[in-house]
Amino acid sequence: MKKRKIFIFVVVTLGWTSALKAQSLPVYLDETKSIEERVEDALRRMTLDEKIAVIHAQSKFSSAGVKRLGFPDLWTDDGPHGVRPDVLWDEWVQAGQTNDSCVAFPALTCLAATWNPSLARLYGESLGEEALYRNKNVMLGPGVNIYRTPLNGRNFEYMGEDPWLASRMVIPYIQGLQSKGVAACVKHYALNNDEEYRHQVNVIISDRALREIYLPAFEAAVKEGKAWAIMGAYNLYENQHNCHNNILLNKILKKEWGFDGVVISDWGGCHDTEEAITNGLDLEFGSWTDGLSEGASNAYDNYYLADAYKRLIQEGKYTTRELDEKVRRVLRLMFRTNMNRQRPYGAMCSKSHYETARKVAQEGIVLLKNEHNLLPIPADAHILVVGENAIKMMTVGGGSSSLKVQREILPLDGMRERFSHVDYARGYVGDTIQSYNGVTVGRSLYDLRPATQLIAEAVEKAKSADYVVIFGGLNKADYQDCEGHDRKAYGLPYEQDALVEALAKANKQVVFVNISGNAVAMPWLDKVSAVVQGWFIGSESGHALADVLSGDVNPSGKLPYTWYQRLEDTGAHALGSYPGVWRDSHQVIDEEYKEGIFVGYRWADLKRIKPLFAFGHGLSYTSFEIRGATADKKEMRDGEKISFTVTVKNTGIKAGAETVQLYVTDKKCSLPRPIKELKAFQKVYLQPGESKTVVLTLDKRSLSFFDDRIQQWTAETGDFEALIGTSSQNILQRVLFKLKD
């Protein structure tokens, strides 16, 4: 038999083989090259048709990649609070998938109420992992529009009334999300502060108010958070739609702030091809979202940045200069997301994500009132739970943030899991529709009994209960906390006031848990012993609320907005500037922000209004002492910082957390300034009897105002005062200092 020769080859790699391989790749595929080199190389290789294709949608939530060059499609998804379920290519109808359920994280009002930037980072990381698992490249959030009126239907998606708080909370959210290779698309830029007539509102505002109140969170998102995408708003500013607004997008965002990411239109927010070409829009979505059933063979070709744009280039009216800049930005976004081969793996509905949701909810729940230390509730107490919001899912509805969750623990279920003796009465009937965009809830809420009968049943049961816990407030129905419309009134809907009054007469130990993203009128406040702000807190809502009501968790949330007694106490309503005045054409409504920089607690201070609950307010089951405030210097010079030190002590018998808030007062200024402005804060966790030192630092920008006479930030020399406390109306320590030349 003939012998076969066997040859064995041994290859020893010395590190240069991978380099040779990389050298053989096109530059745009070579990950050893910088992103900018790869972008320019890919741009040179693209045809006109390929360039046009990547700057507008090809479906409800995706834009085309460059298949010839190996660039995959770019997928966006709604959900600042969770990854929205998939819809059909051309319709809002659910795709009917079985693997697109998610964890619902608390709404951003709750996140802001934690006053805890480290939780914002964890929130972003967890959301990014869920997005990765679902192959989403851009998450359409977070939102940082300012809480100007409590009627805004979309306030629950934002981070409150104060630009500094919103700035500090949005930065780590973005960093956490983008650390997973998923882009944050910060929205809605800018001045989208009410939902009613959002497509027609033209905001009239001073440059100073724009810069001091409404833009700082966006600026921080860009400069410090390094956001990879920004979403334009539906409304107008200076008579231009904000999705193609020269001042906001070109002058401020891209030139002044140096934004190198992609400006994405809100869905249907683009209105004109030439404005879109020249005024800063990079990627157009939703302009004609009925897909293939109307118009052209491909309706997406009819977008403003599609065939219409290509024709203008072919006719010679425009060169490809503007187009190349848009494509350059989109390619950069792709290299950061779906062309980034170093992205980690995602995870969906993991144990750690539920833990994150519960932790954020626990820290964001705000104890507003606790007369005679009624709370926490003993484990063996006989409790009557009342209210539709105890049995209603709040992850379904509300607009684009509606989710399809793997699970949502309802308040009643959470209470029954934690306490031994829990009875239930409906109390009121509100919104009984339990489906949205194809997501259906299993539990029926239909109840045809009249209000008198519902109240009578609750009152009768309340007479024998140790505690009555009412889960009331708002919901995600139209004209409540919901995208598309604003609330019609400040008061509670569905005759809840009558219910609370009746129960307060029947039982002295009433707890009202307000489920909402907005403040509401509480004419019965002095008749109930305890009030808790419960927000919309997602998958773990029932657990988190029971955690706080039972005392398993000591509440530490602080309000991110001023809770006024009456709607007329709010600046926008006191001055009659909301919702604006229609022009003769009835195509545009001019809304003048007459209150200027005096928004929220700034307005309350100016007018000496006592709110129902102050900005920054939040109680605990323990007590704290703040003392010994000092500054590291008496005079601060340009380029320096100044630090303030206080000692915080837990003087109670429970472990807990307090948030130290530092406000600044300018003693003398050439322009009117608020009496005080939040400029630093820190949350500190303490065991009973424990003390810690808190250091809060200010820089020159902390002392500055935007001088619209010279169009720049200015800090005038002179006397300032640091006000340190636990809310905007609970100032405990004061330190004077000077700003020198």
Side-chain angles (χ1 to χ4, degrees), residues 17-77 89-90 131-132 134-139 178 180-183 185 228-229 259-265 276-277 281-285 297-314 318-346:
T17 53
S18 59
L20 284 175
K21 183 179 179 182
Q23 289 176 14
S24 67
L25 290 172
V27 171
Y28 74 92
L29 290 177
D30 184 355
E31 293 192 355
T32 68
K33 301 293 185 181
S34 71
I35 285 182
E36 297 310 308
E37 289 176 299
R38 298 171 72 191
V39 165
E40 295 304 321
D41 182 60
L43 184 64
R44 284 192 294 268
R45 298 170 186 266
M46 292 173 67
T47 67
L48 176 61
D49 284 339
E50 287 170 338
K51 290 177 181 180
I52 290 291
V54 302
I55 64 168
H56 67 81
Q58 64 171 359
S59 74
K60 281 291 187 186
F61 284 101
S62 72
S63 60
V66 190
K67 293 177 176 57
R68 182 177 62 85
L69 299 181
F71 285 80
D73 296 340
L74 187 74
W75 282 91
T76 70
D77 201 79
W89 189 264
D90 289 308
L132 271 180
R134 293 268 304 283
N135 196 31
K136 308 302 180 186
N137 312 124
V138 181
M139 290 302 294
Q178 294 186 169
K180 304 300 179 179
V182 178
C185 183
W228 294 340
F259 176 64
D260 69 354
V262 174
V263 174
I264 299 176
S265 73
I277 293 170
L281 179 63
D282 300 312
L283 183 52
E284 177 190 2
F285 271 94
S297 60
N298 183 353
Y300 301 102
D301 290 340
N302 286 343
Y303 275 27
Y304 296 98
L305 288 181
D307 283 354
Y309 188 8
K310 185 170 71 171
R311 282 194 299 271
L312 291 174
I313 292 174
Q314 291 170 334
Y318 290 93
T319 68
T320 60
R321 181 176 64 87
E322 296 89 354
L323 175 61
D324 286 348
E325 178 56 22
K326 297 177 193 300
V327 175
R328 188 175 283 117
R329 290 173 178 272
V330 174
L331 291 174
R332 188 180 295 128
L333 178 63
M334 289 179 173
F335 282 123
R336 287 167 166 170
T337 58
N338 60 10
M339 288 290 285
N340 176 7
R341 306 307 179 202
Q342 307 306 314
R343 290 196 301 176
Y345 292 104

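Residues: numbered from 1 along the sequence shown.
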TODO: Please identify each residue that fulfils ring pair (Phe, Tyr, Trp, His ring centres under 6.0 Å) with Tyr28, with sequence neighbours left out.
DONE: Phe71

TODO: Only counting residues at least two apart or in another chain, list the ones meeting salt bridge (charged side-chain N to carboxylate O under 4.0 Å, His left out) with Glu322.
DONE: none

Task: Asn340: side chain to side chain donor-acceptor pair (under 3.5 Å) partners, not counting sequence neighbours - done: none

Task: Note: Lys67-Glu50 ion pair, threshold 4.0 Å (strictly below) - done: no

Open item on the list: Restricting to side chain to side chain donor-acceptor pair (under 3.5 Å), what partner residues turn up for Gln58, sequence neighbours left out?
Closed with: Ser62, Asp73

Task: Gap separating the OG atom of Ser59 from the CH2 atom of Trp75, nearest 0.5 angstrom - done: 4.0 Å

Open item on the list: So, applying side-chain contact (heavy atoms from CB on, under 4.5 Å) with Asp282, which one of Ile55, Val54, Val262 is it?
Closed with: Val262

Task: Under the salt bridge (charged side-chain N to carboxylate O under 4.0 Å, His left out) test, residues paired with Lys33 that sit two or more places apart - done: none

Can you give each donor-acceptor pair under 3.5 Å made by side-chain atoms of residues 305-314, sequence neighbours left out, with the distance rounded to 0.1 Å?
| residue | atom | partner | partner atom | Å |
| --- | --- | --- | --- | --- |
| Tyr309 | OH | Leu323 | N | 3.0 |
| Lys310 | NZ | Asp49 | OD1 | 2.9 |

Task: With sequence neighbours excluded, residues passing side-chain contact (heavy atoms from CB on, under 4.5 Å) with Thr76 - done: Phe61, Val138, Leu140, Trp267, Phe285

Open item on the list: My understanding is that only residues two or more places apart in sequence, or in another chain, count here; which of them pass side chain to side chain donor-acceptor pair (under 3.5 Å) with Asp77?
Closed with: none

- [ ] Could you list the residues that satisfy salt bridge (charged side-chain N to carboxylate O under 4.0 Å, His left out) with Arg328, not counting sequence neighbours?
- [x] Glu40, Glu325

Open item on the list: Could you work out, with side chain to side chain donor-acceptor pair (under 3.5 Å) as the rule, every residue matching Arg45, not counting sequence neighbours?
Closed with: Asp41

- [ ] Would you give the length of the straight line joining atom CG of Leu283 to atom CZ of Arg329, rounded to the nearest 0.5 angstrom?
- [x] 12.5 Å

Open item on the list: Suppose we screen for salt bridge (charged side-chain N to carboxylate O under 4.0 Å, His left out). Which residues come up paired with Lys326, at least two apart in sequence or across chains?
Closed with: none

